[in-house]
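Residue numbers begin at 1 in each chain, while the letters A, B, ... track the order of the sequences. The shown structure was predicted, so the numbers you read here are calculated from the model rather than taken from an experiment. All values below were derived from every heavy atom in this structure, side-chain atoms included, with hydrogens, water molecules and symmetry-related copies excluded.
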Amino acid sequence: MKLYNTLTRKKEEFVPLVEGQVRMYTCGPTVYNYIHVGNARPMVVFDTLRRYFIYRGYDVKYVVNFTDIDDKIINRANEENTSYKEIAEKYIEAFLEDAKGLNLLEEKTIHPRATEFIKPMIDFIQRLIDIGAAYNADGNVYFNIEAAENYGKLSKKNIEELISGARVEVSEEKRNPMDFALWKKAKEGEPCWESPWGKGRPGWHIECSVMARTLLGDTIDIHAGGEDLQFPHHENEIAQSETLTGKPFARYWLHNAMINVDNQKMSKSLGNFLLVRDIKKEFDLEVLRFFLLSAHYRTPMNFTRDIMKQMEKGLERLYNGKKNLEYLLDKTEDRPLNEEEEKHLEEIEKYKQDFIDSMDDDINTADAIASMFELVKYTNSNLNEKSSKALVSKAYQILMELANVLGILYKKDEILEEEILELIEKRTEARKNKNYKLADEIRDKLREKGIILEDTPEGVKWRRI
RNA sequence: GGCGGCAUAGCCAAGUGGUAAGGCAGAGGUCUGCAAAACCUCUAUCCCCAGUUCGAAUCUGGGUGCCGCCUCCA
């Protein structure tokens, strides 16, 4: 499969460091607030990549960190008059809840917290000092970017220009204006840890470097995140890690594009952060997941209510295809495929191959989804009650395995309550007696309860909205 | 100023040299008591200009218009 590597700005054939294994790290949230739709994109996109790796038989080790100590968390704690720990705890819990709604494969995700890795961070920093790549300035420890080879290679930045751009914070402590903090000296009343340089806490960039290295090794296969993290965050991770180990830090860097809301950038000044849990009030989060996969991950997206409505309809179409197959599974008889059915199976396998080809091409989920629509159209048109159950079963299995790669179509029908079954029975009776008024009344009543009835030649079918 | 991205039908969105996937919406039809679902049919020459080529939405150059990063915001 090919992946677009930000480091080389090219699509490259993916070859893992160790055959059959993928070690992947995605920058996770700083837990000072609920996650918004922009945070959700890398979570969903790279979760899908991980699912695809699993589908292709790789053994995947997947890490998404929680930054649980940081200025923003401390500020938040002060605002709410509580501790940074409680803030972190609260929003980690909220994240996990949203993650569940987004159907992220949480049970297979390793979630390290920065504060659990203070010791290795201190060791890491000390080592950088030892080799002259970092220096202690009155309790603050900075990384000396001149010690790094090719600083700026990921974001293609030129150091002199960055400095002359004068947008960097000027600090008398720093030897070079571009040097960045590895360890921050504690201010009065701030949470802190003991270190060889006094009380303080780690800087942001060092967290990811240390957690990735501790959990995944010196060189990881894939490092992913939003494209806004390219600089300075990822650039600094590379500088620290590669200076320390002398090895490549990550072999493939993947970055997703940003999301606008109603054609506007989400920003603090506009106060237009759209939280995942706000979206949940109007849409099932599966629709959000489907939306996030409806465009290629490196294409900027725009989030609007209307587009979500469209996505909801599209997803419903796939669910109907699934339901139709489930219905046939129940109605068809087991027998060997005839010649015509063998051809159907070949066609169905072809759609599956199209799906795989699309995913192989830098996770082209938009194209992969199109293959699913085509598959559904094909089975809707060509399979019926007279088909062989073996064929129906195979088609269903393929549809579901593709859906599982994208993390969609996972909702199962619940068993209907006795009371509702009785109503359906009553309506069928009414229809038999051509009492359509009563029949329609019952249908409307059930619709209010979120149950859609469909009269088909084979009898009444129902589904949830 | 530096780096980068995007511009395809009413809307969303694939397609990176051979004569425009898919979805939503819309129109007509089949089926149906009516609906729903499903199926069939219909709806674009790809921002503009020039060039390369037998041939370009796809490559090159120049415009125009959006946008992102360069401020610990995914």
G-U wobble or Watson-Crick pairing nucleotide for [N] (cut-off 3.5 Å, both distances):
| N | value |
| --- | --- |
| B/C3 | B/G68 |
| B/A21 | none |
| B/U52 | none |
| B/A74 | none |
| B/C39 | B/G29 |
| B/A44 | none |

Would you say A/T299 places a side-chain N or O within less than 4.0 Å of OP1 or OP2 belonging to B/A14?
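So the side-chain polar atoms of A/T299 do come within 4.0 Å of the phosphate oxygens OP1 or OP2 of B/A14, strictly under.
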Counting only side-chain N and O atoms of A/N302, is one of them less than 4.0 Å from OP1 or OP2 of B/C12?
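Checking A/N302 against B/C12: no side-chain N or O falls below 4.0 Å of OP1 or OP2.
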Could you work out the separation of [N] and [M] based on their [atom1] atoms and round it to a whole Å?
| N | M | atom1 | result |
| --- | --- | --- | --- |
| B/C46 | B/A50 | P | 13 Å |
| B/U8 | B/C12 | P | 8 Å |
| B/G15 | B/U32 | P | 42 Å |
| B/A7 | B/A57 | C1' | 11 Å |
| B/G51 | B/C70 | C1' | 35 Å |
| B/U58 | B/C48 | P | 10 Å |
| B/A13 | B/A44 | C1' | 14 Å |
| B/C59 | B/U53 | C1' | 10 Å |

Side-chain donor-acceptor contact under 3.5 Å, [X] with [Y]:
| X | Y | result |
| --- | --- | --- |
| A/N302 | A/T304 | no |
| A/Y151 | A/N236 | yes |
| A/S209 | A/E237 | no |
| A/Y62 | A/T26 | yes |
| A/T115 | A/D68 | yes |

d([atom1], [X]; [atom2], [N]) in whole Å:
| X | N | atom1 | atom2 | answer |
| --- | --- | --- | --- | --- |
| A/L254 | B/A74 | CG | P | 18 Å |
| A/F283 | B/C12 | CZ | P | 15 Å |
| A/K265 | B/A74 | NZ | C1' | 11 Å |
| A/H296 | B/G5 | NE2 | C1' | 12 Å |
| A/F180 | B/U71 | CZ | P | 14 Å |
| A/M301 | B/C11 | CE | C1' | 13 Å |
| A/K153 | B/G2 | NZ | C1' | 21 Å |
| A/N364 | B/A14 | CG | P | 7 Å |

Is the gap between the ring centers of [X] and [Y] under 6.0 Å?
| X | Y | value |
| --- | --- | --- |
| A/H255 | A/Y4 | no |
| A/F180 | A/Y142 | no |
| A/Y252 | A/H223 | no |

Do the side chains of A/D367 and A/D361 get nearer than 4.5 Å, heavy atoms only?
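A side-chain contact under 4.5 Å is absent here.
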Mark up nucleotides 35-44 of chain B, 5' to 3', with B wherever a protein heavy atom is under 4.0 angstrom from a base atom, S wherever such an atom reaches only the sugar-phosphate, and - elsewhere.
BBSSSS----
Please output the side-chain donor-acceptor pairs of residues 273-280 of chain A that fall under 3.5 Å, not counting sequence neighbours, one pair per line with the distance.
residue	atom	partner	partner atom	Å
A/R277	NH2	A/A94	O	3.3
A/R277	NH2	A/D98	OD1	3.3
A/D278	OD1	A/K281	NZ	3.2

Nearest to the side chain of [X], which nucleotide is it out of [options]?
| X | options | result |
| --- | --- | --- |
| A/F373 | B/A13, B/G15, B/G22 | B/G22 |
| A/Q310 | B/A13, B/C11, B/C69 | B/C11 |
| A/R9 | B/C3, B/A74, B/G22 | B/C3 |
| A/D440 | B/G33, B/A74, B/G5 | B/G33 |

Identify, between A/D228 and A/D361, the residue whose nearest nucleotide on RNA chain B lies closer to the 5' end.
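Taking each residue's closest nucleotide, the earlier one in sequence belongs to A/D361.
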Taking any heavy-atom pair under 4.0 Å as a contact, classify [X]: base, sugar-phosphate, or nothing.
| X | value |
| --- | --- |
| A/Q230 | nothing |
| A/M311 | sugar-phosphate |
| A/P29 | nothing |
| A/I259 | base |
| A/G225 | sugar-phosphate |

